[in-house]
Asker: 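Quick one: structure below, then a few questions.
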Amino acid sequence: MFMASRIQSRAFSASARQLSKVTVLGAAGGIGQPLSLLLKLNPLVTELALYDIRGGPGVAADISHINTKSSVKGYDPTPTGLSSALKDAKVVLIPAGVPRKPGMTRDDLFNTNASIVRDLAKACAESCPEANILVISNPVNSTVPIVAEMFKARGVYNPKRLFGVTTLDVVRASRFVSEVKGTDPVDENITVVGGHSGVTIVPLFSQSSHPDLSSDAAIIQRVQFGGDEVVKAKDGAGSATLSMAMAGARMANSVLRAAGGEKGVVEPTFVDSPLYKDQGIEFFSSKVELGPEGVSKIHPVGAVDAVEEKLLEACFGDLKKNIDKGKAFVAQNPAK
Ligand SMILES: NC(=O)c1ccc[n+]([C@@H]2O[C@H](COP(=O)([O-])OP(=O)(O)OC[C@H]3O[C@@H](n4cnc5c(N)ncnc54)[C@H](O)[C@@H]3O)[C@@H](O)[C@H]2O)c1
Ligand SMILES: O=C(O)C[C@H](O)C(=O)O
C-alpha cells in the first residue's frame, strides 16, 4: 500500500491527465502479476492491457475488480490478441521470458529470451510504433539492442522511446547503503551507470553523500550482484519479482508523468546513448531526463574516482559484447 500511496501522491495533476493505455507483455508471470497490480493502482493509467501466452485474461479478471477507474482487459495469443493488446498503447512493459536459476548468468537466458523479445518487438513495431517500450526481460544488455534492431528493420525506430529498465539497480543501491549507514533510503540517491548484469552495473558512490563507499568492495559487489542474492534464496523458483515489479511500476510512472508534461523527471535507464559511442558502446545506462518525447536529455556520467574508473573499464568490455550479441542475433535470425 505504501507503493500505491506513493505513486498516487506523485501522480501529476489531473489537468495534465490524458488517455494512457499501458500494456504488459508477460503479464501472468512472477513480475507481470504484481507489476500489473501496481499499474492498476496508478491513476495515470487509464487502460491496462494484459497479454501473456497463458493466463492473461485470468490475471485481468482478478485485477479488474480493484476499485480504481482504469479499465483492464486480458489477451491470449489468438491471431489478433497481441496486436489488440498493443494498439494505441502509450507504454509497453516487457517482462516476458524465463528467469535465472542458481548458477546461471543473465547471458545464459539469451538463447530462450532473445527470440521471445524479438517477436514481441516485431509486434510492437507493427501495432504501436510510437509507444514507449520498457524492456525488463533479461539479458537487458542484449534484449534492448534486439528491440532497436527490430524497429530499425521496419523503419520505425525512435531511440527516444526505447528504455532498458535498470531501475532495480538504483533501488537496491539506495536500500543497501541505507542499511549500512542507518539512514532512510528515501534520502539515498545513488547513481548507477553502465548496463544490467554483474560488472556492467557500476555504482558511483563518489557522487553520493557517502564517498567513502567507493572503495568498499563489499557494497560494490552487493549492488553488482544483488540479483544473485535473490536467485540463490529462491533456490530454483526464479529471480526478483516483487522488487522488480516496484521498480518497473516506478519507471512506468515516471514515463507517464513526463509524457503528461511534468518537468524534471529523471530516471536511470539503459538507452541508445551518445556517451560512449566513440568506444563502440551504443547503449548505456545513466541518468536520463524524461519528457513528452520520451528521452529528453541524457546526463553525462560525471566525475568518477580511480576505483570507479576501473569499474567502468571492466563494464565496457562485457557491455560491448552483450550489445553486439543482441544485434548479431537479429541479423542472423530475422523474425518471420
Ligand atoms: N530488468 C530487471 O531488472 C529484471 C529484474 C528481474 C527479472 N528480470 C527478467 O524478467 C523476465 C521475467 O521474469 P519473471 O520472474 O516474471 O519470469 P516468469 O517465468 O515468472 O514470467 C514470465 C512470463 O512471460 C510469459 N511469456 C513467455 N513467453 C512469452 C511471449 N512470447 N509472450 C508473452 N508472454 C510470454 C510466461 O508465460 C510467463 O508468464 C526474466 O527474463 C528475468 O530475468 C529482469
Ligand atoms: O538477477 C536476475 O536474473 C534478475 C534481475 O536482473 C535482477 O537484477 O534481479
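Read the numbers this way: they start at 1 and go in the same order the structure lists the ligands and their atoms. Position 1 is the first residue of the sequence, and the numbers go up from there. Computed from a prediction, not measured in an experiment: that's the story for all the values here.
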Asker: Does any N or O of ligand 1 fall below 3.5 Å from an N or O anywhere on Ile136, backbone included?
Answerer: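 Looking only at distances, the answer is yes, because the N/O contact criterion of under 3.5 Å is met.
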Asker: Is there a heavy atom of Val230 sitting under 4.0 angstrom from any atom of ligand 2?
Answerer: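 No; Val230 lies far enough from ligand 2 that no heavy-atom distance drops under 4.0 Å.
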Asker: Report, in ascending order of atom number, the atoms of ligand 2 lying under 4.0 Å from any heavy atom of Arg100.
Answerer: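 Here the atoms of ligand 2 in question are 1 (O), 2 (C), 3 (O).
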Asker: Do any nitrogen or oxygen atoms of Leu168 lie less than 3.5 angstrom from nitrogen or oxygen atoms of ligand 1?
Answerer: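 No, there is no polar N/O contact under 3.5 Å.
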Asker: Could you pull out, from Gln224, Met104, Arg172, the option with a heavy atom nearest to atom 7 (C) of ligand 2?
Answerer: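 Among Gln224, Met104, Arg172, the closest heavy atom to atom 7 (C) of ligand 2 comes from Arg172.
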Asker: Purely on distance, is any nitrogen or oxygen of Ser239 under 3.5 Å from one on ligand 1?
Answerer: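 No, no N or O pair falls under 3.5 Å.
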Asker: At what distance is the nearest protein heavy atom to atom 3 (O) of ligand 1, and which residue and atom is it?
Answerer: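 For atom 3 (O) of ligand 1, the nearest protein heavy atom comes out as His196 NE2, 3.0 Å.
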Asker: Can you tell which of Gly26, Gly32, Gly30 gets a heavy atom nearest to atom 20 (O) of ligand 1?
Answerer: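 Result: the heavy atom closest to atom 20 (O) of ligand 1 is in Gly30.
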Asker: Side-chain contact test, heavy atoms from C-beta onward, threshold under 4.5 Å: evaluate it for Tyr75 versus Leu50 and give yes or no.
Answerer: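 Side chain of Tyr75 against side chain of Leu50, heavy atoms only: no contact under 4.5 Å found.
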Asker: Can you confirm, on distance only, whether ligand 2 has an N/O atom lying under 3.5 Å from any N/O atom belonging to Asp169?
Answerer: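 Checking ligand 2 against Asp169, no N or O pair falls under 3.5 Å apart.
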Asker: Which of the numbered atoms in ligand 1 are below 4.0 angstrom from a heavy atom of Val98?
Answerer: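 Checking each atom against Val98, I get 40 (C), 41 (O), 43 (O).
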Asker: What do we get for Met244 next to ligand 2 when only non-hydrogen atoms under 4.0 Å count, side chain, backbone, both or neither?
Answerer: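 The answer is neither; Met244 stays 4.0 Å or more away.
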Asker: Which atoms of ligand 2 have any heavy atom of Ala240 under 4.0 Å away?
Answerer: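 Those atoms are 9 (O).
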Asker: Any atoms of ligand 2 less than 4.0 Å from a non-hydrogen atom of His196? List them with their elements.
Answerer: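 Close to His196: 5 (C), 6 (O), 7 (C), 8 (O).
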Asker: Can you tell me if CD on Gln221 sees more than 12 non-hydrogen neighbours from other groups inside 6.0 Å?
Answerer: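 More than 12 heavy atoms, drawn from other residues, nucleotides or ligands, come within 6.0 Å of this atom.
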Asker: Give the residue, atom name and distance (to 0.1 Å) of the protein heavy atom nearest atom 15 (O) of ligand 1.
Answerer: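 For atom 15 (O) of ligand 1, the nearest protein heavy atom comes out as Thr241 CG2, 3.4 Å.
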Asker: For ligand 1, which atoms, with element, lie under 4.0 Å from some heavy atom of Val140?
Answerer: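 Under 4.0 Å from Val140, ligand 1 has these atoms: 1 (N).
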Asker: Output the list of atoms in ligand 1 that are nearer than 4.0 Å to some heavy atom of Arg54, sorted by atom number.
Answerer: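 In order of numbering, the contacting atoms are 37 (O).
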Asker: Can you confirm whether Lys87 is buried at NZ, in the sense that more than 12 heavy atoms of other residues, nucleotides or ligands lie under 6.0 Å from that atom?
Answerer: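 Incorrect, the count does not exceed 12.
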Asker: Can you tell me if Ser206 and Glu308 form a side-chain donor-acceptor pair at under 3.5 Å?
Answerer: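 Indeed, the side chains of Ser206 and Glu308 share at least one donor-acceptor pair under 3.5 Å.
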Asker: Do Pro77 and Tyr51 have side-chain heavy atoms sitting under 4.5 Å apart?
Answerer: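 A side-chain contact under 4.5 Å exists here.
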Asker: Below the 3.5 angstrom mark, is there an N/O of Asp228, backbone or side chain, next to an N/O of ligand 2?
Answerer: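 In this structure, Asp228 places no N or O atom under 3.5 Å from an N or O of ligand 2.
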Asker: Going by distance alone, is a donor N or O of one side chain under 3.5 Å from an acceptor N or O of the other, for Ser142 and Lys327?
Answerer: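 No, no side-chain donor-acceptor contact under 3.5 Å.
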Asker: Check whether any N or O atom of Arg100, backbone or side chain, sits under 3.5 Å from an N or O atom of ligand 1, and answer yes or no.
Answerer: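 Among all N and O atoms of Arg100, none is under 3.5 Å from an N or O of ligand 1.
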Asker: Heavy atom under 4.0 Å from ligand 2: found in Asn138's side chain, backbone, both, or neither?
Answerer: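 Side chain only; the backbone of Asn138 stays clear of ligand 2.
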Asker: Any N or O on Pro99 sitting closer than 3.5 Å to an N or O of ligand 1?
Answerer: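 Between Pro99 and ligand 1, no N or O pair is found under 3.5 Å apart.
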Asker: Is there a ring pair (Phe, Tyr, Trp, His ring centres under 6.0 Å) between Phe316 and Tyr276? Walk through the geometry before answering.
Answerer: CA-CA 9 Å; Phe316 291 157; Tyr276 296 101; 4.6 Å; yes
Asker: Transitively linked via ILVMFWY side-chain contacts under 4.5 Å: Leu312 with Ile281?
Answerer: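 Linked, Leu312 and Ile281 end up in one cluster.
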Asker: Do Lys297 and Glu289 sit within salt-bridge range, that is, some charged N less than 4.0 Å from a carboxylate O?
Answerer: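 Here Lys297 does not pair with Glu289 in a salt bridge, since their nearest N and O are not under 4.0 Å apart.
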Asker: Please determine whether any non-hydrogen atom of Gly238 lies less than 4.0 Å from an atom of ligand 1.
Answerer: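 It does not, in that no heavy atom of Gly238 comes within the 4.0 Å cut-off of ligand 1.
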Asker: How far is atom 37 (O) of ligand 1 from its nearest protein heavy atom, and which residue and atom is that?
Answerer: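 Its nearest protein heavy-atom neighbour is Asp52 OD1, 2.6 Å.
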Asker: Ignoring hydrogens and angles, tell me if any N or O in the side chain of Lys21 forms a donor-acceptor pair with the backbone of Ala85 under 3.5 Å.
Answerer: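 Between the backbone of Ala85 and the side chain of Lys21 there is a qualifying donor-acceptor contact (under 3.5 Å).
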Asker: I need the atoms of ligand 1 closer than 4.0 Å to a non-hydrogen atom of Tyr51, numbered in the order shown.
Answerer: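 Once the distances to Tyr51 are compared, the set is 32 (N), 33 (C).
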Asker: Provide the number and element of each atom of ligand 1 under 4.0 Å from a heavy atom of Leu120.
Answerer: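 Close to Leu120: 32 (N).
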Asker: Does a side-chain N-to-carboxylate-O contact under 4.0 Å join Lys325 and Asp107?
Answerer: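 Counted as a salt bridge, because a side-chain N and a carboxylate O are separated by less than 4.0 Å.
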Asker: Less than 3.5 Å between some nitrogen or oxygen of Ala96 and one of ligand 1, yes or no?
Answerer: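 No, since none of the N or O atoms of Ala96 sits under 3.5 Å from an N or O of ligand 1.
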Asker: Using a strict cut-off of 4.0 Å, indicate which atoms of ligand 1 neighbour a heavy atom of Met244.
Answerer: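 Atoms satisfying the 4.0 Å criterion: 2 (C), 3 (O), 4 (C), 5 (C), 6 (C).
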Asker: Report yes if some heavy atom in the side chain of Pro139 is under 4.5 Å from a heavy atom in the side chain of Ser197; otherwise report no.
Answerer: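 Not in contact.
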Asker: Show me which atoms of ligand 1 lie under 4.0 Å from any heavy atom of Leu109.
Answerer: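 It comes down to these atoms of ligand 1: 43 (O).
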Asker: Pairing donors with acceptors under 3.5 angstrom, does anything connect the side chains of Thr46 and Ser70?
Answerer: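 Absent: no donor and acceptor within the cut-off.
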Asker: For atom 22 (C) of ligand 1, state which one of Ser137, Gly97, Gly81 supplies the nearest heavy atom.
Answerer: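 The nearest heavy atom belongs to Gly97.
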